[in-house]
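One structure is given here, and the rest of the page talks about it.
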Amino acid sequence: MGWELGAAGLAVGTLIATVTAPVGVSGAVFLLPVQLSVFAVPNPAVTPTNLLYNVVAGPGALLRYRRDGALAGPLVRRLVLGTLPGVVLGAIIRVFALPGPGVFRLLVAALMLPLGIWLIARTLRPAPPEIRRPEPAPRTVTSLALAVGVVGGIYGIGGGSILGPILVGRGVPVSKVAPAALASTFATSVIGAATYALLSLAHSGSIVPDWFLGLSCGLGGLLGGYLGARLQPRLPEPLLRLVLGALATALGALYAVNTLR
C-alpha cells in the first residue's frame with residue numbers, strides 16, 4: 001500500500017500544481033480536501049502536511065519564473081515580509097484555538113466559497129478599463145499580506161491562493177502577481193512548517209505532518225509547478241481562472257454542507 005499511496009500522491013500533486021501554478025496558486029488549497037476525504041489525514045496534521053507540500057513543490061514553479069526574470073521587483077519582497085510573521089501566529093492559533101474538525105471545515109468553507117465566487121465574477125465580468133481600480137499602495141499590500149499570512153498559517157496554504165485573486169482584482173497583472181504569490185507561499189510555508197515542528201514538541205495532538213504523503217505530493221507539485229509556470233504564456237488566462245473559481249466554489253460549498261449536517 002505504501003507505493004500505491006506514494007503514486008497517488010505524486011499524481012494528485014502533479015495535476016493540481018500544473019493547473020494552479022500559472023495563476024500563482026501552489027495547489028495546497030485544493031490538496032487539503034483530498035487529504036481529508038481520500039487520504040484520511042487527521043486534524044490538525046493536514047495543515048503542516050499542506051505546508052510540507054508547499055516547501056517541496058514551490059521551487060518547481062519558482063525556478064521557471066526566475067529564469068523568465070519574473071521574481072524581480074518590490075511586490076515579491078512586500079508579500080514575503082508581510083506574510084512571514086502572520087503565518088507563525090496562524091500556526092499557533094490553529095494548534096491551540098481551532099483543533100476541532102467542525103470548526104476547521106467551517107473555516108475551509110468560509111475561505112474557499114468567496115474565493116471561488118470572486119475568481120468567477122472577476123473573470124466573467126471584468127471592470128471596464130476606464131473604471132478599473134489602480135494598483136494598491138505598498139502599505140496596503142503589506143498589511144493584506146500580514147492578514148493573509150495568519151489565515152494561511154491556520155489553513156496550511158501559504159496565503160498565495162488568497163493574495164493572488166485579491167491583487168488581480170485590484171488591477172495587478174497576473175503575470176506580476178503569480179511569481180510574487182508563489183514566492184510568498186514558499187517562504188511562509190518554510191516558516192510555518194518549522195513552527196509546527198516546534199509546536200509538536202509541546203503538544204500531544206497529531207500536529208506533525210504526514211511526511212510520506214507530503215513528500216510524494218510535493219514531488220508531484222515540483223514537476224507540475226514547473227510545467228504550469230512554463231505553460232502560463234501559452235494558456236488562456238480566463239479559462240484557468242474559471243476552472244480555479246469553479247473548483248474553489250464547489251469545494252467550499254461541499255464543506256459548508258458537511259459542516260451544517
Side-chain angles (χ1 to χ4, degrees), residues 9 13 16-17 20-21 24-32 35 41 44-67 70-95 141-142 144-164 177-203 206-226 228-229:
I16 291 176
T20 59
V25 178
S26 71
V29 65
F30 300 113
L31 178 63
L32 185 141
Q35 287 191 65
V41 178
V46 290
T47 300
T49 303
N50 252 18
L51 293 172
L52 176 61
Y53 163 83
N54 283 337
V55 171
V56 178
L62 292 177
L63 175 62
R64 183 64 197 185
Y65 282 127
R66 184 176 181 275
R67 287 183 177 179
L71 290 179
L75 183 61
V76 175
R77 295 191 297 272
R78 293 188 191 110
L79 293 189
V80 171
L81 293 177
T83 52
L84 283 179
V87 74
V88 176
L89 179 58
I92 296 172
I93 293 173
R94 176 70 180 92
V95 171
V141 172
T142 303
L144 177 62
L146 177 62
V148 169
V150 174
V151 177
I154 296 173
Y155 192 31
I157 57 175
S161 59
I162 303 173
L163 280 169
V177 169
L182 286 173
S184 171
T185 295
F186 176 71
T188 54
S189 295
V190 171
I191 299 300
T195 301
Y196 274 98
L198 292 175
L199 291 173
S200 67
L201 301 177
H203 192 275
S206 300
I207 63 172
V208 294
D210 185 320
W211 290 98
F212 182 73
L213 184 62
L215 290 173
S216 60
C217 290
L219 288 175
L222 184 70
L223 173 62
Y226 184 88

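Start at 1 with the first residue, then count along the sequence. Side chains included, hydrogens not; waters and symmetry mates left out as well; all remaining heavy atoms used.
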Q: Would you indicate whether the side-chain heavy atoms of S189 and T185 approach each other to under 4.5 Å?
A: yes
Q: With side-chain contact (heavy atoms from CB on, under 4.5 Å) as the test, would you mind laying out the steps for L81 and T142 before giving the verdict?
A: CA-CA 7 Å; L81 293 177; T142 303; 5.8 Å; no
Q.
If you compare all heavy atoms of Y226 against all heavy atoms of G60, which two are closest, and at what distance to 0.1 Å?
A. CD1-O, 3.4 Å
(Q) Testing the basics here: between V56 and G218, what is the closest heavy-atom pair and its distance to 0.1 Å? (A) CG1-C, 3.4 Å
Q. Say you draw a straight line from OG1 of T188 to CD1 of I191; how long is it, rounded to the nearest 0.5 Å?
A. 8.5 Å
Q. To the nearest 0.5 Å, what is the distance between CD (Q35) and CG (N50)?
A. 4.5 Å
(Q) Please give me the minimum heavy-atom distance between A187 and V80, naming the atom from each residue. (A) CB-CG1, 3.9 Å
Q. Could you give the distance from CG (D210) to CG (L52), rounded to the nearest 0.5 Å?
A. 9.0 Å
Q. In Å and rounded to the nearest 0.5 Å, what is the OG1 to CG distance from T20 to L31?
A. 10.0 Å
Q: Could you tell me which non-hydrogen atom of P85 sits nearest to which non-hydrogen atom of L146, and how far apart they are?
A: CG-CD1, 3.8 Å
Q. What closest approach, in Å, do L71 and L62 show between heavy atoms, and which atom pair accounts for it?
A. CD1-O, 3.7 Å
**Q.** Minimum heavy-atom distance between A21 and A61, given as atom pair plus value
**A.** CB-CB, 4.3 Å
Q. T49 and Y53: side-chain contact (heavy atoms from CB on, under 4.5 Å), yes or no, with the steps?
A. CA-CA 6 Å; T49 303; Y53 163 83; 6.0 Å; no
Q) Can you tell me how far CG of L182 sits from CG of L79, rounded to the nearest 0.5 angstrom? A) 10.5 Å
